[in-house]
Amino acid sequence: MCRGAQHVVNRILPAADTILHDHRVKFTREDIDSSELDRRRALYGPLTEAVRELVDATIRTEVDESVIREVHAEVAAAAAKLRAKQLDGAFGLRFTTGGESFAWGNAGIGLRNALAPPLSVESDASGLHWTEVTLGAPYEGPPGLVHGGICALVLDHLLGTTASSIEPRFTGTLTLRYRRGTPLGRLRAEARITRNEGRKTVVNGTLSDAGGVTVEAEGIFIGPATATA
Ligand SMILES: CCCCC/C=C\C/C=C\C/C=C\C/C=C\CCCC(=O)SCCNC(=O)CCNC(=O)[C@H](O)C(C)(C)COP(=O)(O)OP(=O)(O)OC[C@H]1O[C@@H](n2cnc3c(N)ncnc32)[C@H](O)[C@@H]1OP(=O)(O)O
């Protein structure tokens with residue numbers, strides 16, 4: 001899990017049992033310490049990177065048909081090996097004995113999720129939160145441009161993390177204005193809390209390329225009633 005999100009989730013740990021139970025989110029306390037977490041990170045991270053590489057290579061390959069068939073068989077065999085022993089369902093949000101969190105299946109940040117860009121959220125003392133990410137061929141929507149749903153994923157995650165920097169918040173409403181196409185490549189998203197109204201937190205943010213803002217976002221994030229009860 002990225003440092004920013006880890007920091008955020010650690011701050012909500014005391015309320016996590018109630019919140020996640022109430023929202024039927026899969027939540028597991030694992031009997032492992034941080035050194036074991038580091039060991040697993042070093043084991044699974046490179047596997048995920050290799051799968052990410054495979055996804056991009058699959059889209060862009062121009063090798064001969066015979067090689068495609070050969071690789072198909074190899075990939076199917078690799079998936080079958082991993083299937084030999086599987087979790088029953090999704091990964092969920094887990095905590096070590098020391099309270100460190102890891103959401104390795106998460107679509108935005110998951111260390112074991114090759115679909116995740118992956119995002120890493122940073123913040124400063126002024127309350128600005130940001131993430132920088134390179135989105136390549138697997139995130140294409142309109143030709144050469146980022147898929148609008150992927151822009152939404154980046155902004156939802158960033159704005160949600162920003163909203164949750166004090167107390168946990170779920171996305172209630174996310175409004176996006178796509179000002180121009182977002183080119184594939186290096187991007188930066190920024191967000192800030194603009195309003196707090198009880199359990200509601202309003203966050204505004206942007207997604208930009210080197211030429212400026214491509215998407216503007218406003219999110220209303222809601223704290224579960226149990227978190228502040
Ligand atoms: C890093 C891993 C994170 C995994 C996430 C797990 C847990 C989150 C915990 C910590 C967060 C940490 C990091 C965050 C990182 C990323 C964030 C991603 C966030 C998501 O990806 S999350 C998935 C999509 N999200 C949902 O799956 C929400 C489904 N939904 C619900 O769970 C309920 O629907 C809820 C809780 C939203 C409200 O339910 P409720 O019963 O508490 O609300 P209630 O009726 O009491 O209203 C109270 C006041 O909110 C207003 N209000 C109500 N609903 C509204 C809406 N939709 N839009 C605008 N305003 C709304 C009312 O108008 C009233 O306002 P007023 O008081 O002014 O009248």
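First listed ligand is number 1; within each ligand, the first listed atom is number 1.
Screening L153, V154, T161 for a side chain to side chain contact (heavy atoms under 4.5 Å, CB included) with H157, the sole residue that qualifies is T161.
In terms of polar-atom proximity, defined here as any N/O pair under 3.5 Å, T171 does make such a contact with ligand 1. For a threshold of 3.5 Å applied to N or O pairs, the pair formed by G172 and ligand 1 contains at least one separation below that value. Inclusion of D156 in the set of residues having an N or O under 3.5 Å from an N or O of ligand 1 is warranted. Looking at ligand 1, you won't find any N or O of T161 less than 3.5 Å from one of its N or O atoms. An N or O contact shorter than 3.5 Å is missing between S164 and ligand 1 by distance. Of the polar atoms of H157, none of the N or O atoms is found under 3.5 Å from an N or O of ligand 1, judged by distance alone.
Less than 4.0 angstrom separates some heavy atom of I222 from each of these atoms of ligand 1: 37 (C), 38 (C), 50 (O), 51 (C), 52 (N), 60 (N), 61 (C). The P168 neighbourhood of ligand 1 comprises atoms 9 (C), 10 (C), with distances under 4.0 Å to a heavy atom of that residue. Each of the following atoms of ligand 1 lies closer than 4.0 Å to a heavy atom of G160: 14 (C), 17 (C). Close approach of ligand 1 to T173 (heavy-atom distance below 4.0 Å) involves ligand atoms 56 (C), 57 (N), 58 (N), 59 (C). Residue-ligand proximity, I109 to ligand 1, at heavy-atom distances under 4.0 Å covers atoms 1 (C). Atoms of ligand 1 lying under 4.0 Å from at least one heavy atom of N106, given by number and element, are 2 (C).
Checked by atom type and distance alone, the side chain of R169 never pairs as donor or acceptor with a backbone atom of I220 at under 3.5 Å. In this structure, the side chain of T61 does not engage the main chain of T58 through any donor-acceptor pair within 3.5 Å.
A salt bridge between R195 and E197 is present, with a side-chain N of the basic residue lying under 4.0 Å from a carboxylate O of the acidic one. Ion pairing between E100 and R41 holds under the 4.0 Å rule for side-chain N and carboxylate O.
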Go through D156 and F221 one step at a time and tell me if the side chain to side chain contact (heavy atoms under 4.5 Å, CB included) criterion holds. CA-CA 10 Å; D156 180 40; F221 294 85; 4.0 Å; yes
Begin with the C-alpha distance, continue with both residues' side-chain angles, and end with the deciding distance and a verdict on side chain to side chain contact (heavy atoms under 4.5 Å, CB included) for S208 and E190. CA-CA 9 Å; S208 303; E190 295 187 350; over 6 Å; no
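Here R199 has side-chain heavy atoms under 4.0 Å from ligand 1, and that is the only part of it that gets that close.
Residue contact check for ligand 1: L159 places no non-hydrogen atom closer than 4.0 Å to it.
No hydrogens or angles considered: a donor-acceptor pair under 3.5 Å links the side chains of R186 and T134.
With sequence neighbours left out, D64 forms a side chain to side chain contact (heavy atoms under 4.5 Å, CB included) with S66, V67.
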